[in-house]
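This chain uses plain numbering: 1 for the first residue, then up along the sequence.
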Amino acid sequence: MLLRLCFTLLILVTFIHPAQAVTPAAMPVLQTVTACGNDVPLKFDVLPATNASPPYSAVMVVHGGGWLGGSRADLHGLLQHLSRMGFVAMSVDYRLAPAARFPAQIEDVKCAVRWLRSQAVEYQINPEKIGAFGVSAGAHLLALAAVTPGRWDSAGGYSGVSSQLRCAVLHAPPLDFPNWWQTADPAIRGPMSPRVMLKSLLGEDFSASAKTYQDASPVSYIPASGKLKNKLPPLLLLQGELDATVPVQQAKDFTKKMKAAGAAVELMTIADADHFAFGSQGRQVSAKIQEFLGACLK
């Protein structure tokens, strides 16, 4: 519950300003659909675009919660903001740990992209212009989706449809699970403990399952220098320097390796921000996100 409240406040503080207030009658109707999944169908919330003409670009948002909690409903405020920007916006659920172990979560996120692309005619979307915004665990899943084209693409249906994103915004993503486990304080327990989250997601300690930790880490898929030029979607990473849950060094190391490999990636660090908010830089971060999404999706 605490995680859900924090992420909801993050969206409200960052994106919803009094000058941008819109009456409920001015907003399109939120549509809930059921799709993907074999044994456990997933629910997605779709909000049509306003202030734009078709074909629309789309942005899929993926909630945080340590892979243990959270819901598509956590990001409804962000959906409204994206709709006002002229995007079709979709918030997705994915199977949660520990009931569902990795790779269930990345399978669900990739299936959600395939489903949205398969509905391009229904929602008047340009299927080549689907971006994404992820928070924490959701940002990890989008980073992993971005660097693993063609992998984890068979579960949930819509085979033959691409799960490739045009671009993605990633807020506070864990990107290197072995390093995250090894640098975490083992005395920290509870829902904000990296070791608690990782063991719930992957089923075992790092010492017992190092290969799985590597497979679930986006940093593991960065090849040698120059090989990624124009091959992966552009990424914008947002990271607080005071984040006590995901160290800022994870984002710095990932960005450095991605740039060396030729990928289009940008890191915006916020000096006074923790894991849940953007400190004093909320408006600057909002402007950066709008600039980035506008450049890659408009």
Side chains of Gln281 and Gln284: is there a donor and an acceptor less than 3.5 Å apart?
yes
Using the ring centroid of each side chain, check whether His171 and Phe278 are separated by less than 6.0 Å.
yes
Taking all heavy atoms of Val161 and all of Ser118, pick out the closest pair and write down the distance.
CG1-N, 4.3 Å
Group every Ile, Leu, Val, Met, Phe, Trp and Tyr by side-chain heavy-atom contacts under 4.5 Å, then state whether Trp115 and Ile125 land in the same group.
yes
Are Arg117 and Tyr158 linked by a side-chain donor-acceptor pair shorter than 3.5 Å?
no
Where the side chain of Ser193 meets the backbone of Val196, is there a donor-acceptor pair that is under 3.5 Å apart?
yes
Think Lys129 forms a cation-pi with Tyr56, using NZ or CZ under 6.0 Å from the six-ring centre and within 45 degrees of its axis?
no
Spacing of CD belonging to Glu122 relative to CG belonging to Leu116, to within rounding of 0.5 Å:
11.5 Å
Quick one: sort the Phe177 and Tyr213 rings into parallel, tilted or perpendicular, breaks at 30° and 60°.
perpendicular
Roughly how far, to the nearest 0.5 Å, is the CG atom of Leu267 from the OG1 atom of Thr255?
4.0 Å
Decide whether Ser217 and Asp176 meet the rule of one side-chain donor and one side-chain acceptor closer than 3.5 Å.
no
Is there side-chain contact between His81 and Gln290, with heavy atoms separated by less than 4.5 Å?
yes
Rounded to the nearest 0.5 Å, what separates atom CD in Glu204 from atom CG in Leu202?
9.0 Å
Side chains of Leu232 and Val147: closer than 4.5 Å at any heavy-atom pair?
yes
Is the number of heavy atoms from other residues, nucleotides or ligands under 6.0 Å of Lys231 NZ greater than 12?
no
Quick one: do Val59 and Leu297 satisfy side chain to side chain contact (heavy atoms under 4.5 Å, CB included)? Show the steps, please.
CA-CA 9 Å; Val59 178; Leu297 294 176; 3.6 Å; yes
Is a side-chain donor or acceptor of Lys110 paired with a backbone partner of Arg151 at a separation under 3.5 angstrom?
yes
Quick one, Met268 and Gln239 - any side-chain contact, counting heavy atoms below 4.5 Å?
no
Determine, using the 4.5 Å side-chain heavy-atom cutoff (strictly less than), whether Phe87 and Ile289 are members of one ILVMFWY cluster.
yes
Looking only at the side chains, is there a donor atom on one of Ser163 and Asp153 sitting less than 3.5 Å from an acceptor on the other?
yes
Starting at CG of Leu42, measure out to SG of Cys111 and round the result to the nearest 0.5 Å.
7.0 Å
Donor-acceptor pair, Asn179 side chain versus Gln182 backbone, under 3.5 Å?
no
Is there a donor-acceptor contact under 3.5 Å linking the side chains of Thr269 and Lys252?
no
Looking only at heavy atoms, the pair that brings Met197 and Gly66 closest together is SD-CA, 3.4 Å
Asp215 bridged to Lys211 by N-O distance under 4.0 Å:
yes
Identify the two heavy atoms, one from Pro234 and one from Phe292, that lie closest to each other, and give their separation to 0.1 Å.
O-CZ, 3.6 Å
Looking only at heavy atoms, which two atoms of His63 and Gly69 are closest? And how far apart?
CE1-O, 3.3 Å
CD/Gln105 to CG/Leu144 distance, rounded to the nearest 0.5 angstrom?
10.5 Å
Note, Pro98 side chain near Leu68 side chain (heavy atom, < 4.5 Å)
yes
Check: Phe206 ring centroid to Trp180 ring centroid under 6.0 Å
no
Name the residue from Val33, Asp93, Val92 that meets the side-chain contact (heavy atoms from CB on, under 4.5 Å) definition with Lys43.
Asp93
Shared ILVMFWY cluster between Val248 and Leu170, side chains joined below 4.5 angstrom?
no
Once rounded to the nearest 0.5 Å, what's the spacing between atom CD of Gln31 and atom CE of Met90?
12.0 Å
Looking only at heavy atoms, the pair that brings Ser136 and Pro174 closest together is O-CD, 3.6 Å
Please assess Asp45 against Thr32 for the test side chain to side chain donor-acceptor pair (under 3.5 Å), listing each intermediate value before the final yes or no.
CA-CA 4 Å; Asp45 289 340; Thr32 298; 2.7 Å; yes
Could you walk me through whether Asp108 and Arg95 pass the salt bridge (Lys or Arg N to Asp or Glu O under 4.0 Å) check?
CA-CA 7 Å; Asp108 291 348; Arg95 286 171 287 174; 2.9 Å; yes
Non-hydrogen atoms of Ala172 and Asp243 that approach each other most closely:
CB-OD2, 3.8 Å
4.5 Å side-chain heavy-atom contact, Ile270 and Glu241
no
Any side-chain heavy-atom pair of Val219 and Gln250 under 4.5 Å:
no
Find out if a path of hydrophobic residues (ILVMFWY) with successive side-chain heavy-atom gaps under 4.5 Å connects Leu141 to Phe44.
yes
